[in-house]
Amino acid sequence: MIDSNLSRPIIPKARTNKGYILFKLLRGHLIDNKQMKAEIDTCYGAARISELRSDGWEINDTSVHMTNGENKEVCIKKYFLGREKIAEYLKLQEIQDFLYRANLVYSK
């Protein structure tokens, strides 16, 4: 639970890679590095996740084993916010405001 006495996560600007990633996570999406490369043209998706975590966002991850295009077994990370955490974040007006701004930018 977000305690009003504790520091709140830092909200990025909507028109940034961090803003896009946070927008997707707050909407309940799982996202991986390949998706971030395709959707926002960044090779540094994991770095942006790390920055968001440093900014106070409680981002979870899970490892997924799969076969890549070269028929090799690989393990990738999928990043997400838990449902309870999303519900908790959405109680904060500044996060609702961020989602409104991000929705204007990213929903077409």
Side-chain angles (χ1 to χ4, degrees):
M1 180 176 213
I2 298 176
D3 184 333
S4 59
N5 296 325
L6 298 176
S7 62
R8 294 180 181 211
I10 297 168
I11 300 172
K13 293 183 179 181
R15 287 192 184 268
T16 63
N17 288 345
K18 283 171 42 174
Y20 178 80
I21 292 166
L22 182 59
F23 174 67
K24 296 291 275 191
L25 294 172
L26 285 168
R27 293 184 71 201
H29 295 266
L30 276 83
I31 192 163
D32 61 43
N33 285 329
K34 188 174 183 180
Q35 288 170 286
M36 288 185 262
K37 171 68 175 150
E39 294 176 17
I40 55 175
D41 197 26
T42 183
C43 294
Y44 303 105
R48 301 298 80 83
I49 294 289
S50 179
E51 291 169 358
L52 285 166
R53 285 174 170 162
S54 292
D55 290 344
W57 295 95
E58 295 182 34
I59 300 171
N60 299 317
D61 61 66
T62 187
S63 296
V64 177
H65 296 276
M66 58 189 308
T67 303
N68 69 10
E70 298 173 352
N71 206 29
K72 293 180 182 176
E73 289 293 319
V74 295
C75 181
I76 64 166
K77 288 223 178 187
K78 294 236 180 212
Y79 302 97
F80 65 96
L81 291 172
R83 290 179 198 258
E84 299 83 20
K85 187 52 66 180
I86 292 172
E88 194 175 306
Y89 286 141
L90 291 178
K91 292 178 183 174
L92 301 173
Q93 184 62 49
E94 58 266 34
I95 293 174
Q96 292 177 33
D97 294 344
F98 164 79
L99 281 174
Y100 175 79
R101 290 188 307 274
N103 195 51
L104 292 174
V105 173
Y106 298 115
S107 293
K108 297 173 184 163

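We count residues from 1, following the sequence as given.
Note that NE2 of His29 is 7.0 Å distant from CZ of Phe23, once rounded to the nearest 0.5 Å. To the nearest 0.5 Å, atom CD1 of residue Ile11 and atom CG of residue Leu52 are 11.0 Å apart. The structure places CD1 of Ile31 at 5.0 Å from CE of Met36, a figure rounded to the nearest 0.5 Å. Distance NZ/Lys77 to CG/Asn60: 11.0 Å, rounded to 0.5 Å. Remark: Gln96 CD to Lys91 NZ distance equals 11.5 Å, nearest 0.5 Å. Taking CD of Glu73 as the start and CG of Asn71 as the end, the distance is 8.0 Å to the nearest 0.5 Å.
Closest of all the heavy-atom pairs between Leu25 and Phe80 is CD2-CA, 3.6 Å. Summarising the geometry of Trp57 relative to Pro12, their closest heavy-atom pair is NE1-CD, 4.4 Å, with the distance given to 0.1 Å. Scanning both residues, Ala46 and Tyr79, for their nearest heavy atoms gives CB-OH, 3.9 Å. When all heavy atoms of Cys75 and Ser63 are compared, the pair lying nearest together is SG-CB, 3.5 Å.
Open room surrounds CZ on Arg15; 12 or fewer heavy atoms of other groups in view lie less than 6.0 Å from it.
With a 4.5 Å cut-off on side-chain heavy atoms, Glu39 and Lys24 count as touching. Side-chain contact between Glu51 and Ile21 is absent, with no heavy-atom pair separated by less than 4.5 Å. Using a 4.5 Å heavy-atom threshold, the side chains of Asn33 and Ile49 count as separate. By the 4.5 Å heavy-atom criterion applied to side chains, Tyr89 and Glu58 are counted as neighbours.
Under the 4.5 Å side-chain heavy-atom criterion for ILVMFWY residues, a single connected hydrophobic cluster contains both Val64 and Val74. Following chains of ILVMFWY side-chain contacts shorter than 4.5 Å, one can reach Leu22 starting from Ile86, so the two form part of one hydrophobic cluster. Note: the hydrophobic cluster containing Leu81 also contains Tyr106 (ILVMFWY, side chain heavy atoms under 4.5 Å, direct or indirect links). Ile10 and Leu92 are assigned to two separate hydrophobic clusters, defined by single-linkage of ILVMFWY side chains at heavy-atom distances under 4.5 Å. Criterion: ILVMFWY side-chain heavy atoms under 4.5 Å apart, direct or through other members. Under it, Leu99 and Ile40 are part of a common hydrophobic cluster.
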* I would like to know whether Glu94 and Arg8 meet side chain to side chain contact (heavy atoms under 4.5 Å, CB included); could you show each step before the answer? => CA-CA 10 Å; Glu94 58 266 34; Arg8 294 180 181 211; 2.8 Å; yes
* Going through the distances and angles, do Lys18 and Asp55 end up as a side chain to side chain contact (heavy atoms under 4.5 Å, CB included)? -> CA-CA 11 Å; Lys18 283 171 42 174; Asp55 290 344; 2.8 Å; yes
* Would you sort out whether Asn17 and Tyr44 count as a side chain to side chain contact (heavy atoms under 4.5 Å, CB included), showing the intermediate values? => CA-CA 9 Å; Asn17 288 345; Tyr44 303 105; over 6 Å; no
* Asked: Passes side chain to side chain contact (heavy atoms under 4.5 Å, CB included), Ile76 versus Asn68? Steps please.
  -> CA-CA 10 Å; Ile76 64 166; Asn68 69 10; over 6 Å; no
